[in-house]
Amino acid sequence: MSGDPPDIETVAGLLEDQTVREILTKTSQEPMSARALKDHCDASGPTIYRRLERLRDTDFVVEQTRPDPDSGHHRQVYAPNLDRIRIELDEGTLSMQITHRERMADRFTRLIEEM
């Protein structure tokens with residue numbers, strides 16, 4: 001992610017968007033290309049790409065390159081990088097904690113460092 005973590009307003013704005021919620025739920029079942037998301041969500045291609053960009057900017061999805069056995073090329077797929085969002089109200093103050101999924105490379109690095 002580039003920059004600071006998103007604030008509560010940014011996260012709330014993202015999650016109130018039906019297309020964003022559909023992208024997150026669909027990709028949580030399996031990584032999907034933007035084209036596949038367009039077919040599964042009730043949104044146009046440009047809308048899907050704009051929402052994916054917002055989700056990448058907040059580090060809620062990651063873009064991965066996968067081989068495409070049908071065409072012999074590679075394609076970009078998107079997978080969620082979001083595990084949990086927790087918002088707490090404590091003595092008049094709202095706070096938010098975002099937990100991201102641990103990427104395989106990060107998990108491997110942690111494993112090696114702990115040896």
Side-chain angles (χ1 to χ4, degrees):
M1 184 169 113
S2 59
D4 296 326
D7 56 24
I8 291 175
E9 291 80 12
T10 300
V11 172
L14 275 171
L15 295 178
E16 79 175 343
D17 186 296
Q18 176 66 32
T19 302
V20 165
R21 292 192 310 271
E22 287 181 22
I23 290 170
L24 289 171
T25 56
K26 297 292 182 190
T27 59
S28 72
Q29 296 167 10
E30 68 177 296
M32 299 179 85
S33 67
R35 180 173 289 162
L37 285 165
K38 180 183 166 290
D39 293 341
H40 287 89
C41 300
D42 188 22
S44 67
T47 298
I48 295 293
Y49 281 105
R50 282 193 302 271
R51 296 317 185 272
L52 285 169
E53 183 177 339
R54 290 177 64 200
L55 288 166
R56 279 194 319 263
D57 288 347
T58 55
D59 205 23
F60 285 6
V61 298
V62 291
E63 187 177 63
Q64 303 170 338
T65 302
R66 296 272 171 94
D68 186 349
D70 297 330
S71 70
H73 297 288
H74 293 83
R75 64 186 170 117
Q76 298 304 114
V77 296
Y78 299 88
N81 187 37
L82 180 64
D83 189 39
R84 177 174 301 154
I85 299 171
R86 190 165 88 198
I87 298 175
E88 293 182 0
L89 176 61
D90 185 30
E91 297 184 22
T93 302
L94 279 175
S95 63
M96 178 177 63
Q97 179 182 11
I98 298 172
T99 307
H100 294 280
R101 292 186 175 181
E102 186 175 33
R103 295 182 180 124
M104 185 63 76
D106 296 336
R107 188 177 312 154
F108 181 73
T109 299
R110 184 176 46 79
L111 178 66
I112 295 300
E113 289 174 349
E114 290 175 356
M115 294 179 116

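If you run side chain to side chain contact (heavy atoms under 4.5 Å, CB included) between Val11 and each of Leu14, Asp7, Leu15, only Leu15 comes through.
For the pair Gln76/Thr65, a side-chain contact is recorded, criterion being any heavy-atom separation below 4.5 Å from C-beta on. Contact of the Ile23 side chain with the Phe60 side chain is not registered, since no non-hydrogen atoms from C-beta on lie closer than 4.5 Å.
With sequence neighbours left out, the side-chain hydrogen bond (donor to acceptor under 3.5 Å, both in side chains) criterion links Glu53 to no other residue.
Between Glu22 and Asp42 the shortest heavy-atom distance is OE1-N, 3.3 Å. The two residues Leu55 and Thr58 have their closest heavy-atom pair at O-OG1, 3.1 Å. The two residues His40 and Met32 come nearest to each other via the heavy atoms ND1-CE, 3.2 Å. Scanning both residues, Leu24 and Leu82, for their nearest heavy atoms gives CD1-CD2, 4.4 Å. Looking at every heavy atom in both residues, His100 comes nearest to Asn81 through ND1-O, 3.0 Å. Scanning all heavy atoms of the two residues, the minimum distance from Pro80 to Arg101 falls at CG-NH1, 3.5 Å.
Expressed to the nearest 0.5 Å, how far CZ of Arg21 lies from CZ of Arg51 amounts to 11.5 Å. In this structure, Leu94 CG and Glu88 CD are separated by 10.0 Å, a value rounded to the nearest 0.5 Å.
Pairs passing the side chain to side chain donor-acceptor pair (under 3.5 Å) check and including a residue from residues 25-39, sequence neighbours excluded, do not occur.
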| message | Could you walk me through whether Val62 and Arg56 satisfy the side-chain contact (heavy atoms from CB on, under 4.5 Å) test, starting with their C-alpha distance in whole Å, then the side-chain angles of each, then the deciding distance to 0.1 Å, before giving a yes or no? | response | CA-CA 6 Å; Val62 291; Arg56 279 194 319 263; over 6 Å; no
